[in-house]
Every structure is written in structure tokens, then in C-alpha cells.
There are 2 protein chains.
Amino acid sequence: MKYSIDHKSPIPLHAQAETLLRQLIAEEQFQNGMVLPNEVDLAKQLAISRTTLRQAINKLVFEGLLVRKKRTGTKVSNAAVSSKSNNWLSFSQEMKLRGIPIKNFELHVTWVFPDEYLANFFEIKTDRKVLKMERVRGKPDEPFVYFASYFHPRVGLTGDEDFKRPLYELLENDYSVIATLSKEEISAKAADSFIASKLKIPDGSPVLLRKRFVFDQGERPIEYNVGYYKADSFIYTVESTR
Amino acid sequence: MKYSIDHKSPIPLHAQAETLLRQLIAEEQFQNGMVLPNEVDLAKQLAISRTTLRQAINKLVFEGLLVRKKRTGTKVSNAAVSSKSNNWLSFSQEMKLRGIPIKNFELHVTWVFPDEYLANFFEIKTDRKVLKMERVRGKPDEPFVYFASYFHPRVGLTGDEDFKRPLYELLENDYSVIATLSKEEISAKAADSFIASKLKIPDGSPVLLRKRFVFDQGERPIEYNVGYYKADSFIYTVESTR
DNA sequence: AATGTTAATATGTTTGTACATTACAACATA
DNA sequence: TATGTTGTAATGTACAAACATATTAACATT
């Protein structure tokens with residue numbers, strides 16, 4: 001087999017198994033509608049226990065990528081959501097897609113102590129400094145988003161990186177940190193004075209608040225990102241199938 | 001304990017444990033934000049193994065109802081109402097899952113001529129009437145969402161249906177219309193006077209605007225839905241993997 | 001030929017056990 | 001006083017073993 005599982009890796013076996021299955025399905029080694037090998041054999045092939053394998057399969061079943069059936073086996077669901085539930089574009093790419101030329105300004109990098117909320121997400125203590133990157137984007141006279149990213153110390157960023165490069169490319173190539181999972185929360189809010197000044201809008205104007213929690217393969221937190229978008233400058237679109 | 005687990009029941013123990021936890025949370029035996037007993041003890045109390053208990057907890061964690069944290073314990077997520085992509089719970093169902101009792105009021109059904117925008121989406125002419133359903137939801141003294149749904153004439157609704165029933169169930173059972181695809185747009189906006197009065201908030205307050213375009217199996221448009229959510233009463237969550 | 005029985009095989013359920021990781025607190029030491 | 005060190009309690013990960021259940025296929029019986 002092309003891919004395999006590394007028992008020495010810090011990434012949990014079930015997580016490795018999960019991404020491995022994803023890859024095989026994506027590459028159509030396991031094709032749409034095809035039944036995959038039975039659990040006992042597959043576990044043996046991957047050199048993990050059946051229980052661990054089942055953890056991985058369970059997740060994919062929950063996502064709807066796989067369907068279990070007794071006696072018949074577990075098959076790849078071709079109705080497949082394609083799970084490209086969009087949005088693995090970084091922001092600059094998103095905007096280019098809309099034909100809007102965007103500039104970065106007020107790019108600012110510092111080391112800060114995390115607050116409770118962030119320390120909690122990162123699973124670190126509040127006295128452990130983290131790298132914070134802030135930036136404002138838009139046309140210079142018309143900013144439309146302010147956002148702040150915080151990076152887990154584990155990633156190993158020094159603060160001297162070229163943050164004009166696409167972020168996920170930088171992480172992947174130079175730090176071999178692979179972001180595989182993101183959870184986002186989108187809500188509406190009234191701009192406080194800080195945000196209002198950054199976006200050059202009146203206090204209390206509506207903004208779209210977008211929090212993004214990014215994880216690596218082992219589901220370990222690696223980045224926290226908050227963005228404040230001027231109302232109407234950003235529309236979040238989601239497509240989902242059943 | 002009021003409820004307990006029956007080892008002789010044909011219902012799997014982990015499933016029993018799952019519903020039991022749901023009940024306890026709904027009844028606020030385990031309240032919002034409260035940490036529940038540690039796994040070892042809880043398993044002992046319920047007379048099931050820790051692993052089995054974890055199966056149950058895992059599901060609720062996946063749903064977002066519980067949050068695990070090392071050393072601290074597992075706590076009930078008091079997070080505001082959220083909506084996951086890729087699952088097709090209608091709004092009332094989402095709320096029930098979290099044990100929040102929600103009421104519909106100001107339910108209102110009329111026939112209207114579509115504007116250009118809607119006619120365009122439905123691919124019909126503007127002189128063809130469509131069914132419009134409006135409603136406000138929340139606690140009676142505290143509305144937190146106003147929304148309007150428009151249904152394509154093709155669906156065949158008469159206006160006399162019981163709109164208190166879950167919508168997709170109604171469409172599926174009584175009209176054999178199966179909604180399989182939805183596209184959503186989420187943005188922030190300032191409430192105009194109409195929305196402000198419906199939600200009992202000041203003019204210009206921020207609201208989350210959610211437009212939903214629903215299609216049937218043949219990708220034909222069947223519903224257009226606009227919702228205005230009071231800021232902070234609704235968080236839209238999206239999870240995506242790569 | 002239709003029906004019932006059984007065996008095989010897949011997933012489903014449950015337990016017991018062990019060790020890893022994290023966070024905190026209490027204590028001990030420089 | 002400041003700084004390690006160790007203990008402890010929680011979740012996280014992993015494995016092995018056994019038994020349950022559902023479905024199919026093959027076979028036997030009527």
C-alpha cells in the first residue's frame with residue numbers, strides 16, 4: 001500500500017487511519033459505491049486494532065462519507081457531499097475569486113499572553129506567550145476587514161516569517177504543519193470602538209464576526225483567527241447536500 | 001437516580017446512556033456550563049463500562065452539546081444556538097436538542113407576487129403568485145428571529161397546512177418534495193424599522209441575515225427563506241475537513 | 001417448487017485493561 | 001522566595017477478547 005500508518009508518530013493512530021481512508025477514497029482507490037475490506041482484515045493490513053480502525057470509520061460514517069451495513073460491509077457513499085464544503089481558500093484567494101483587488105495594510109506581529117479563552121482553546125497556560133498577527137485588508141482608503149490570528153507555540157513560528165505569503169502554504173512547506181480541520185463560527189455584532197476605528201465606521205455599526213479554529217491532523221489546535229468584516233462587504237456562503 | 005439503564009433491554013447500552021444524558025441535560029439536572037461527573041464514576045453509577053459511556057459522550061460531543069477538556073472534565077456547552085452545516089435539522093429540532101423551548105408566534109400565511117429577485121430564483125414570471133409564510137420565533141417576550149419563506153408553486157401548498165409541523169417532514173410526507181440541496185448566504189446588517197419592530201430591538205441594531213435557497217433532487221428551486229437573527233442569539237458554525 | 005434450517009460472515013456491542021498526556025496542587029529543595 | 005519535583009486526577013489512546021445480531025447463501029425438508 002502506498003500510504004501507511006506510523007506507530008511512532010505523535011498523531012493518534014485513529015486520526016492517521018482516518019486521513020488515510022480519506023486519501024484512498026479521494027484517489028478512488030476505494031471508489032464510489034465500492035465495499036471496502038472487512039474490518040478485521042483491514043485492521044490487520046494497517047497493523048492497528050479493529051477498535052482503533054472503527055474509531056476512524058465511525059467518524060467518516062458520521063460525516064456520511066461511508067455507510068455501514070451488516071453482513072454486506074462498509075461502502076463508500078457515492079451521494080457524497082464531496083465534503084468540499086467550500087472554504088479552504090485563504091482570504092486573498094477568496095477575494096480574487098470575486099474580482100476585487102485587495103491590499104494588506106497595518107500588518108503587525110507581536111508576542112502576547114493569551115487570555116483565558118484562547119489559552120483554553122490552545123490547551124496551554126496563560127503565561128505561555130503566543131504569536132499574534134493582526135492585519136487590516138481592503139482598499140487603503142476603504143478597509144473592510146480587520147483580523148487577528150494567534151498561533152500555537154507548537155507550530156514554531158518565530159515572527160520573522162513573510163506573512164504576505166499564503167498562510168497555509170507557509171505552514172505546510174516551512175513548518176510541516178498540515179491544517180486539516182477547521183471549525184468556524186459566524187455571528188453578527190455591533191462594532192466596539194477599536195473595531196470601528198480599524199474599519200473606519202461609526203461605533204455600533206453592524207459587523208460580521210467570524211471565528212476560525214484550525215486543527216492539524218491529530219486534531220490538535222494550531223491557529224485561532226478572528227475576523228471582523230464590515231457589513232455587506234462579506235457574504236458567507238455554504239452549500240450542503242443531503 | 002431517576003432514570004437508569006436496563007441491561008436486559010434490546011436497546012444497546014451506549015444508546016440508552018446517550019438518551020439518558022440528553023434527558024438529564026434537558027431537565028437541567030446537568031445544567032448549562034456544569035461539569036458532569038468524571039467518566040470513571042459516572043460509568044460506575046450507570047453500571048456500564050467507561051468505554052461504553054464514552055461512546056455515548058462522544059456522540060454528544062460531536063453534536064456540540066458537550067465539550068471535553070482534559071483534567072477539567074466534560075461540561076455542558078452553554079454556547080448559543082448553533083447550526084452545523086451538513087446536517088439537516090430544521091430550526092425547531094436544533095433547539096430541542098439543546099433543551100431550549102422555543103415558541104412560534106405571529107405565524108402568518110399569504111399569497112404574494114414575487115419581486116424580480118425571487119421570480120428570478122424561482123424561474124417564474126412576476127405575475128404568478130407564490131405562498132409566503134412569515135413567522136417570529138423565540139420566547140414570547142423575547143423574539144430572536146423573524147423569517148419569511150417563499151414556496152415555489154410547483155410544490156402545491158395551499159396555505160392551509162399545519163406549519164407548526166417540521167417543514168421538511170411536511171414537504172416530504174404530504175407533498176413528496178424532497179429537499180436535497182441548500183445554498184446559504186450569511187451576512188451582517190443593520191436592522192431596518194420593520195425588522196427592528198419584529199425583534200423588539202432599536203433601529204440600526206446589528207442582525208445576522210441568513211438567506212437560504214433550497215432545491216429538490218432535480219436541483220429545481222423549491223423554497224427561498226430569509227431569516228433575521230438578533231445578534232448573539234444565533235451563531236452559525238461550519239466544520240470542514242481537507 | 002416452496003419453505004424452513006443452518007452455517008458462515010459481516011458489523012454491532014460490551015467489557016477489562018493498560019498506558020499516555022495534561023494540568024494542577026502540594027511539597028521539597030536551592 | 002523562587003524553583004523544581006512529585007503526586008494525583010482527569011481525559012485521551014490503544015488493544016484484545018468475547019459475545020450479539022443481522023443477512024445471505026447453501027442446504028435440507030416438505
Side-chain angles (χ1 to χ4, degrees), chain A residues 5-21 34-62 66-77 114 116 118-128 152-154 181 215-221, chain B residues 5-21 34-62 66-77:
Chain A
I5 286 187
D6 177 9
H7 280 255
K8 278 172 234 141
S9 159
I11 298 165
L13 298 184
H14 66 86
Q16 288 186 55
E18 187 194 325
T19 60
L20 200 154
L21 288 176
M34 181 177 158
V35 180
L36 40 98
N38 81 62
E39 296 180 347
V40 179
D41 290 350
L42 191 52
K44 206 169 287 174
Q45 272 185 58
L46 303 181
I48 55 177
S49 77
R50 185 183 162 209
T51 323
T52 304
L53 173 60
R54 275 175 66 84
Q55 274 183 71
I57 294 179
N58 276 334
K59 254 195 115 179
L60 301 184
V61 168
F62 205 99
L66 295 177
V67 178
R68 311 184 101 127
K69 183 116 178 275
K70 275 192 193 172
R71 165 69 195 171
T72 318
T74 301
K75 76 166 200 282
V76 179
S77 161
E116 280 293 337
L118 181 58
N120 180 41
F121 169 59
F122 274 169
E123 296 170 354
I124 59 173
K125 284 190 240 168
T126 49
D127 61 359
R128 182 105 176 268
H152 196 287
R154 178 169 40 230
L181 171 67
F215 303 82
D216 73 2
Q217 288 169 316
E219 297 214 19
R220 296 179 306 182
Chain B
I5 286 186
D6 177 9
H7 282 254
K8 279 171 235 141
S9 159
I11 298 166
L13 298 183
H14 65 86
Q16 289 186 54
E18 187 194 325
T19 60
L20 199 155
L21 288 176
M34 182 177 156
V35 180
L36 42 100
N38 79 64
E39 296 180 346
V40 178
D41 290 350
L42 191 51
K44 206 168 287 173
Q45 271 185 58
L46 304 181
I48 56 177
S49 78
R50 184 185 166 207
T51 321
T52 304
L53 173 61
R54 276 174 66 82
Q55 275 183 70
I57 294 179
N58 276 336
K59 252 194 118 179
L60 301 183
V61 167
F62 205 98
L66 295 177
V67 178
R68 311 184 100 125
K69 180 112 181 281
K70 272 190 196 175
R71 166 73 195 173
T72 318
T74 301
K75 74 170 202 283
V76 179
S77 164

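Just so we're on the same page: letters track the sequence lines, and every chain starts at 1. Keep in mind the model is a prediction, meaning the values are calculated, not measured.
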| request: Give the minimum heavy-atom separation between B:Glu18 and B:Ala56, together with the two atoms involved. | output: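 Of all heavy-atom pairs spanning B:Glu18 and B:Ala56, the closest is N-CB, 3.7 Å.
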| Shortest non-hydrogen contact from A:Leu13 to A:Asp6? |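 Residues A:Leu13 and A:Asp6, closest heavy atoms: CD2-O, 4.0 Å.
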Spacing of [atom1] belonging to [X] relative to [atom2] belonging to [Y], to within rounding of 0.5 Å:
X	Y	atom1	atom2	answer
B:Lys44	B:Leu53	NZ	CG	12.5 Å
B:Arg54	B:Ile48	CZ	CD1	12.5 Å
A:Ser49	A:His14	OG	NE2	11.0 Å

Would you kindly give the [atom1]-to-[atom2] distance between [X] and [N], to the nearest whole Å?
X	N	atom1	atom2	result
B:Asn38	D:dT11	CG	P	5 Å
B:Leu13	D:dA20	CG	P	13 Å
A:Lys44	D:dA16	NZ	P	11 Å
B:Glu39	D:dT13	CD	C1'	12 Å
A:Glu18	D:dA14	CD	P	12 Å
A:Leu42	D:dC15	CG	P	13 Å
B:Asn58	D:dT11	CG	C1'	11 Å
B:His14	D:dT21	NE2	P	12 Å

| query | When you list every nucleotide of DNA chain C with an atom under 4.0 Å from a heavy atom of chain A, which one comes first 5' to 3', and which comes last? | reply |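 Both ends considered, the range comes out as C:dA8 to C:dC24.
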| query | Would you say the side chain of B:Gln16 lies within less than 4.5 Å of the side chain of B:Leu46, judging by non-hydrogen atoms? | reply |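 No - every pair of side-chain heavy atoms lies 4.5 Å or more apart.
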| query | Within the structure shown, what part of the strands sits under 4.0 Å from B:Gln55 by heavy-atom distance: base, sugar-phosphate, or nothing? | reply |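 The residue B:Gln55 makes base contact.
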| query | Within the structure shown, what part of the strands sits under 4.0 Å from A:Thr51 by heavy-atom distance: base, sugar-phosphate, or nothing? | reply |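 Since a base atom lies under 4.0 Å of A:Thr51, the category is base.
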| Nucleotide of D:dC15, D:dT11, D:dA18 approaching A:Arg50 most closely (side-chain heavy atoms) |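 Taking heavy atoms from C-beta onward, the closest nucleotide is D:dA18.
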| request: For the pair B:Asp41 (side chain) and B:Pro37 (backbone), establish whether a donor and an acceptor sit closer than 3.5 Å, ignoring hydrogens and angles. | output: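 Between the backbone of B:Pro37 and the side chain of B:Asp41 there is no qualifying donor-acceptor contact (under 3.5 Å).
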